[in-house]
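Quick notes on the structure that follows.
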Amino acid sequence: MVGQGGTVQARPPSSSLDADVIVVGGGIIGLSTAMQLIERFPRLRLTVVEKESGLAEHQTGHNSGVVHAGVYYAPGSLKAQFCKAGSDGTYAFCRSHGLPAEQCGKLIVATNELESSRLGDLFGRCTANGLDPQWLDGRALNQLEPNIVGRCAILIRTSGITDYPAITKAMARNVTVGGGEILTDNRVIDMHDEARGVIVETDKQTLRARFAVVCGGLMADRLARMCGLDVDIQILPFRGEYFRLPAAMNDLVSHLIYPVPDPELPFLGVHLTRMIGGYITVGPNAVLAMAREGYRRRHMSSRDLWEMVRFPGTRKLLRRHSRFAAHELWNSVFKRGYLAQCRKYCPDLVLHDLQPHPAGVRAQAVKSDGTPIHDFLIARGTRSLHVCNAPSPAATAALPIGAYLVQQCIEAFNFPHSLH
Ligand SMILES: Cc1cc2nc3c(=O)[nH]c(=O)nc-3n(C[C@H](O)[C@H](O)[C@H](O)COP(=O)(O)OP(=O)(O)OC[C@H]3O[C@@H](n4cnc5c(N)ncnc54)[C@H](O)[C@@H]3O)c2cc1C
């Protein structure tokens, strides 16, 4: 349960409860959804169930903290729709809750001909997505950021930074103030439908609710299958390794500095990120991890690894992107390779500037034919909704994703009539 100041404690194991809605997952998507369900239906009996002892322990607490403006996403996709609204909503939420956010702007820097041509495409996409990008030649770029070099760049002023765990905890406070309950230390081990509702079994207790909204991040596919959904995806974990620059380099850049991404891949490339707290991180790369929560290189889970090996999508994805996979693995092991990626646009960086910083693991849904799913993916069961793919920019887009899930509850499950 969330106590004073947003700290979380486990509920006594013997108790059971009867809720209208159980939200599984104490990341930013779960809490955004829970908060908006309570705001919309103030008499709703709602319980959030989280397996860790705190909130935002996985992707939400291990990311770059960037408020994305909506540059990269295919017009009409859920990502494009939700990112822009999410960015505005995130800044507004931070203002109204006294949380840190800074609209520092972002530069995407092209360093060769191929990247320049891809940057031209990205410029068009920004415009199609309703942004107001500014094209800079190499000189203008260097004037704006004296430590950065490139052939050309685009500037997006509305990108910024925030603290997503703090946002999640503020959402959690709103949930408990609205009468909702948050159970931590409760790992969902089984879920199934019964005639009048859904049974959620945790390692501590059996919970019954009318409906469930499942926002399980790295475990999303397993939780969907528990509910009997036949989803043709598997979550593959991609570790994103970061470094932190020394405090003396806190003023190295005043914008976020990104490379031009490969449009085939769902990753943005190693970037320089100004963090709330004043320091700068470098990263993340994207290395296939040997465990879904494999934050360290040697961390291995035999269950996760066996599932990955058996899943045809893993082999097909790796075959299709073998060069990229090998390159990322090499650069993960050899810091010099990692450094070379950053030196393309920030040539003054040297090896000992790269100091340790915790990694994150991305939950990337991949189809059995090896295609990574780029867009957000939400699947519907008889009495449950499942967020099956919510990669970046889902932290930025958490408010509109939550609003969308509330709307789905109204349309698919006939809220509020079905609650009585
Ligand atoms: C390295 C990295 C960098 C990123 N950078 C950015 C960025 O700069 N900007 C941005 O917008 N997005 C970014 N993202 C993406 C963003 O962090 C995620 O999209 C977002 O946090 C997803 O939130 P979530 O709630 O779906 O998942 P999570 O935060 O992973 O939460 C899922 C929760 O479900 C819980 N859970 C799982 N299984 C069970 C179970 N069986 N029982 C109970 N609970 C369970 C987990 O413990 C977890 O707390 C980044 C992600 C990573 C990894």
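Ligands are counted one by one from 1 in listed order, and the atoms in each one are counted from 1 as well. Keep in mind it's a predicted model, so treat the numbers as computed, not measured.
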Evaluate the criterion side-chain contact (heavy atoms from CB on, under 4.5 Å) for residue pair E307 and R222; output intermediate values, then yes/no.
-> CA-CA 11 Å; E307 275 185 10; R222 286 181 187 161; 3.1 Å; yes

Are any of the N or O atoms of P284 closer than 3.5 Å to those of ligand 1?
-> no

Take R292 and D221 through the salt bridge (Lys or Arg N to Asp or Glu O under 4.0 Å) test and state the conclusion after the steps.
-> CA-CA 12 Å; R292 291 200 182 200; D221 54 340; 2.6 Å; yes

Hey, does E52 come in under 3.5 Å of ligand 1, counting only N/O atoms on both sides?
-> no

Residue C215 vicinity, atoms of ligand 1 by number, heavy atom under 4.0 Å = 32 (C), 33 (C), 34 (O)

Which residue from G283, A395, S87, G61 reaches closest to atom 10 (C) of ligand 1 through any of its heavy atoms?
-> A395

N or O contact, A56 vs ligand 1, cut-off under 3.5 Å = no

K79 and D375: salt bridge (Lys or Arg N to Asp or Glu O under 4.0 Å), yes or no, with the steps?
-> CA-CA 6 Å; K79 277 190 178 179; D375 207 0; over 6 Å; no

Check ion pair K344-E115 (N to O, under 4.0 angstrom) | yes

Carefully, step by step, assess R196 and E194 under the rule salt bridge (Lys or Arg N to Asp or Glu O under 4.0 Å).
-> CA-CA 6 Å; R196 290 179 55 243; E194 59 169 9; over 6 Å; no

Ring centroid separation F415 to F211 under 6.0 Å = yes

Starting at CG of L155, measure out to CG of L136 and round the result to the nearest 0.5 Å.
-> 5.5 Å

Which residue owns the protein heavy atom closest to atom 27 (O) of ligand 1, what's the atom, and how far is it?
-> Q59 NE2, 3.3 Å

Per-atom contacts of ligand 1 with P391, taking only distances under 4.0 Å to non-hydrogen atoms = 19 (O)

Look at ligand 1 and say whether V387 reaches it with a heavy atom at a distance under 4.0 Å.
-> no

Does the pair L399 and F93 meet the rule for a side-chain contact (heavy atoms from CB on, under 4.5 Å), with working shown?
-> CA-CA 9 Å; L399 284 166; F93 188 88; 4.1 Å; yes

If you count the atoms of ligand 1 from 1 in the order shown, which ones are under 4.0 Å from a heavy atom of V66?
-> 7 (C), 8 (O), 9 (N), 10 (C), 11 (O)

N186 near ligand 1, heavy-atom distance under 4.0 Å?
-> yes

Atom 41 (N) of ligand 1: the protein heavy-atom neighbour that sits closest, reported with distance to 0.1 Å = V188 O, 3.1 Å

Report, in ascending order of atom number, the atoms of ligand 1 lying under 4.0 Å from any heavy atom of R362.
-> 52 (C), 53 (C)

Can you label the angle between the H271 ring and the Y258 ring as parallel, tilted or perpendicular, going by 30° and 60°?
-> parallel

Between K51 and ligand 1, which part of the residue brings a heavy atom under 4.0 Å of the ligand: side chain, backbone, both or neither?
-> both

To atom 15 (C) of ligand 1, the nearest of S392, P393, G86, G54 on a heavy-atom basis is S392

For ligand 1, note which part of E50 has a heavy atom under 4.0 Å away: side chain, backbone, both or neither.
-> both

Shortest protein heavy-atom distance from atom 31 (O) of ligand 1, along with the residue and atom involved | G27 CA, 3.4 Å

Taking the inter-plane angle between the rings of F123 and W135 on a 0 to 90° scale, is it parallel (under 30°), tilted (30 to 60°) or perpendicular (over 60°)?
-> perpendicular

Nearest-0.5 Å distance, NZ of residue K169 to CG of residue L31 = 10.5 Å

Where ligand 1 meets T60 - atom numbers and elements under 4.0 angstrom, heavy-atom basis | 21 (O), 23 (O), 25 (O), 28 (P), 29 (O)

Close-contact set for ligand 1 against Y242 heavy atoms, below 4.0 Å | 1 (C), 2 (C), 3 (C)

Quick one: is the NZ or CZ of R362 closer than 6.0 Å to the six-membered ring centre of F238, and within 45° of its axis?
-> no

Going by the angle between their ring planes, with limits at 30° and 60°, are H68 and Y72 parallel, tilted or perpendicular?
-> perpendicular

Atom 34 (O) of ligand 1 sits nearest the protein heavy atom G25 CA, 3.3 Å

protein heavy-atom neighbour closest to atom 22 (C) of ligand 1 works out as A390 O, 3.7 Å

Test of proximity, N63 against ligand 1: N or O pairs below 3.5 Å | yes

re atom 37 (C) of ligand 1, the protein heavy-atom contact at minimum distance is G216 O, 3.4 Å

What atoms in ligand 1 come closer than 4.0 Å to a heavy atom of V361?
-> 53 (C)

Parallel, tilted or perpendicular: rings of H58 and Y295 (30°, 60°) = parallel

Inspect the contact between R208 and E201 and indicate whether a charged nitrogen and a carboxylate oxygen are less than 4.0 angstrom apart.
-> no

For ligand 1, which atoms have a heavy atom of H62 less than 4.0 angstrom away?
-> 1 (C), 2 (C), 52 (C), 53 (C)

Taking distance alone, with no angle check, do G217 and ligand 1 share an N/O pair under 3.5 Å?
-> no

Side-chain ion pair, K367 and D232, N-O less than 4.0 Å = no

Looking only at distances, please establish whether an N/O atom of ligand 1 is found under 3.5 Å from an N/O atom of I29.
-> yes

H68, portion touching ligand 1 at heavy-atom distance under 4.0 Å | side chain

